[in-house]
Amino acid sequence: MADAPGKFYITTAIPYVNAAPHIGHALEFVQADVIARYHKLLGEDVFVTTGADENSLKNVKAAEGLHITTRELVDRNAMLFREFAERIGLSFSVFLRSSDKDIHWNGAQELWRRCMKAGDIYRKSYKGLYCVGCEAFYTEDELDDGICPVHKTKPEPVEEENYFFRLSKYQKELERAIESGEFRIIPVQRKNEILSFIKGGLEDFSISRSVARARGWGVPVPDDPTQIMYVWVDALSVYMTGVGFGRDESSFDKWWPADVHIVGKDIIRFHAVYWPALLLSAGIRLPKALLVHGFLTIEGQKMSKSLGNSVSPMELLKQYSTDELRYYLMRDPPTFDDGDFSENGLKDRINKELLGDLGNLVNRVLTLTEKSGMQSFSGPNELGGKLKLEEIRSRMDGMDIHMALESIMEFVRACNKYVNDKAPWKLDGKELESVLYNLLEGIRSISILLYPYIPATCEQIAQKLGTKITKLDDVAFRPSFTEKLSKGGYLFKKV
RNA sequence: AGCGAGGUGGGGUAGUCUGGAGUGCCCGUCGGGCUCAUAACCCGAAGAUCGGAAGUUCAAAUCUUCCCCUCGCUACCA
């Protein structure tokens, strides 16, 4: 597919900031960044929105548990996430907090007004079993014999009037948009899962809470001081307000629709059903794609608070470099399925692949080149055929960044094999020059291909080669290699 | 319970649609070679009744039927 030079807009989910970042956030941030940087290599203008979901009742409760105000909690934790996003190398354009009145609130309310104008919002009373202790509604099957599992009390039936959204009205349109691929859901298993859910029939859902139930925390419903917007309506609209909706229309027009939203499998319904329905109602274009990634287990076990096994990426980054962690997260777990995080696995990937395969390749080739005393290199292209650029591109286009990385690493191994097969240490003259030419162009290509995954390392490789990280189109064997090399030290050290 | 995905040498996968010797890839184990390299690469070895049973076929990991197991999804509180 020819790259129409243009814009590319990508978002991460905005995490609840009721706790510190864990390794799962790292996975998603890196995935988003790899895709973003890849599109920069394609020459596109890229915008990345990430941020924090701060209007959830969960944050209110977490703050109560810590005996601080909600504002203090979200300020503190949002800062942790922002710092973390920077440390992991997420090249975000905006870090938008949903409690940011100036940037976010008007846009969120504007979405509401448009749905209202379309006649898709109406008032209805909602009945539910409410546990006063939990301050939450329960469904029958969540209770133990009608008793709250936490407080061992019987929840009271409570009736409250809320606003509802006519989701039912959009069933057919959603089906069509998803089936036709106008709104792509990746991978296809998730698409099928959502389609079967939609075909099962959609019911309208509540999109507001009483001020009391929301504890007065959140985005107010326009023209109704008694109600707060349901946190998902507000959180989802961050994807639009991040690029200017309700605030800077020319920016919004430039970037919207989003090219892809990246989310975990737990929140697929909000993104694949509620969100596009709200947009259809408001007369706003649908995002082009939704990428649903899996979850990480920790050393084979589910991440859980009771096990206390959650892994802090900030702690890991004290021992391992950003690139090392990024590489492992993209290399080990498959993009679309669950994977396992283990520190031994991380060490193996660093020692075997980053150091043993990539680092060693760069080092041995630069050593051989230095010893040759040659300055410019050319010869027949013998190695370029091993590089499956089309496969890499099509995998990246399908957002299978794990398999795309596999294709790139295959080429790294092919380069190492080429060194052995040719045994350049036994060669001289034209023969040696030709082998070095192939290897230098190979490594230059690798430095560009791996750049989305391990940017700092690739900058270092480019520096050693005297080249620059340019465009994906420059991944090709040029007729000759004439840059000035500077070997420098090792790229990685054994862990 | 219903719908969906999956069960392939020690681990992870590809192969299944369009049947054809258990074939491939990554990791791990053992032995050997090579040596420019914080080392890679090559050769060889051990290790699987391709979840189970029955059927179709000259031939089944692959097609059919039944069964077992795992994991998702089955709505408003993320």
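Letters A, B, ... mirror the listed sequences (proteins, then strands); counts begin at 1. Source: prediction; values computed, not measured.
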Need one value for A:L491: base, sugar-phosphate or nothing, where a base atom within 4.0 Å counts as base even if backbone is also close, heavy atoms only. base
Determine the contact category for A:L202: base if any of its heavy atoms lies under 4.0 Å from a base atom, sugar-phosphate if only primed atoms, P, OP1 or OP2 are that close, otherwise nothing. base
Taking B:rU38, B:rA75, B:rA78 as options, the one with an atom nearest any side-chain atom of A:V231 is B:rA78
Between A:N59 (side chain only) and A:E54 (backbone N and O only), is there a donor and an acceptor less than 3.5 Å apart? yes
Is it true that a side-chain atom of A:Y320 and a backbone atom of A:L346 form a donor plus acceptor pair closer than 3.5 Å? no
Have a look at A:N416 and say if it touches a base, only the backbone sugar-phosphate, or nothing, with a 4.0 Å heavy-atom cut-off. sugar-phosphate
Partner nucleotide of B:rC3 by Watson-Crick or wobble geometry (both distances under 3.5 Å): B:rG72
Between A:E64 and A:K61, is there a salt bridge with N-O shorter than 4.0 Å? no
Answer yes or no: is there an ion pair linking A:D397 with A:R393, defined by an N-O contact shorter than 4.0 Å? no
Any strand is fair game: report the nucleotide pairing with B:rC41 by Watson-Crick or G-U wobble, both distances under 3.5 Å, or none. B:rG33
Testing B:rC76, B:rC41, B:rA37 for proximity to the side chain of A:N363, the answer is B:rA37
Is the shortest side-chain heavy-atom distance between A:P220 and A:Q109 below 4.5 Å? yes
With a 3.5 Å limit on both atom pairs, tell me what B:rG24 is paired to, counting Watson-Crick and G-U wobble, or say none. B:rU13
Please report the distance separating the C1' of B:rU57 from the corresponding atom of B:rU65, rounded so that it comes out in whole Å. 16 Å
B:rU35 to B:rU16 separation - C1' atoms, rounded to the nearest Å: 43 Å
Taking the minimum atom-to-atom distance to the side chain of A:L57, which one of B:rC26, B:rA78, B:rC76 wins? B:rA78
Does B:rA78 have OP1 or OP2 sitting under 4.0 Å from an N or O in the side chain of A:Y16? no
Under 4.0 Å, heavy atoms only, any strand: does A:D204 hit a base, just the sugar-phosphate, or nothing? nothing
With stacking defined as ring centroids separated by under 5.5 Å and planes differing by under 30°, is A:F205 stacked against B:rC76? no
With a 4.0 Å cutoff (strictly under), does any side-chain N or O of A:K352 reach OP1 or OP2 of B:rG28? yes
For B:rU13 and B:rG9, measure between their C1' atoms and round to the nearest Å. 13 Å
Whether the side chain of A:E28 engages the backbone of A:A13 through a donor-acceptor N/O pair (distance < 3.5 Å, no angle test) should be reported. yes
Looking at A:N420 and B:rA40, is any side-chain donor or acceptor paired with a base atom of the opposite kind under 3.5 Å? yes
Side chain of A:R413 only, heavy atoms from C-beta on: which candidate in B:rU35, B:rC26, B:rA75 is closest? B:rC26
Determine the Euclidean distance between corresponding C1' atoms of B:rA45 and B:rG10; express it in Å to zero decimal places. 16 Å
What nucleic acid atoms does A:G356 come within less than 4.0 Å of, heavy atoms only: base, sugar-phosphate, or nothing? sugar-phosphate
Considering every strand and a 4.0 Å limit on heavy-atom distances, what is the contact class for A:K371: base, sugar-phosphate, or nothing? sugar-phosphate
Would you measure the distance from the C1' atom in B:rC34 across to the matching atom in B:rG44 and give it in whole Å? 15 Å
Between A:K417 and A:D348, which has a closest nucleotide on RNA chain B that is more 5'? A:D348
Specify the residue among A:F197 and A:K494 whose closest nucleotide of RNA chain B lies further upstream toward the 5′ end. A:K494
Rounding to the closest angstrom, what is the interatomic distance between B:rC17 and B:rU64 at atom P? 9 Å
Donor-acceptor pair, distance only, cut-off 3.5 Å: does the side chain of A:N55 make one with the backbone of A:S98? yes
Which value, in whole Å, describes the distance between the C1' atoms of nucleotides B:rA60 and B:rC69? 22 Å
Hunt down the Watson-Crick or G-U wobble partner of B:rG47, both distances under 3.5 Å, from any strand shown, or write none. none
B:rA14 versus B:rC58 - spacing of their P atoms, nearest Å: 32 Å
Classify A:F492 by what it touches in the nucleic acid, base, sugar-phosphate, or nothing, heavy-atom distance under 4.0 Å. base
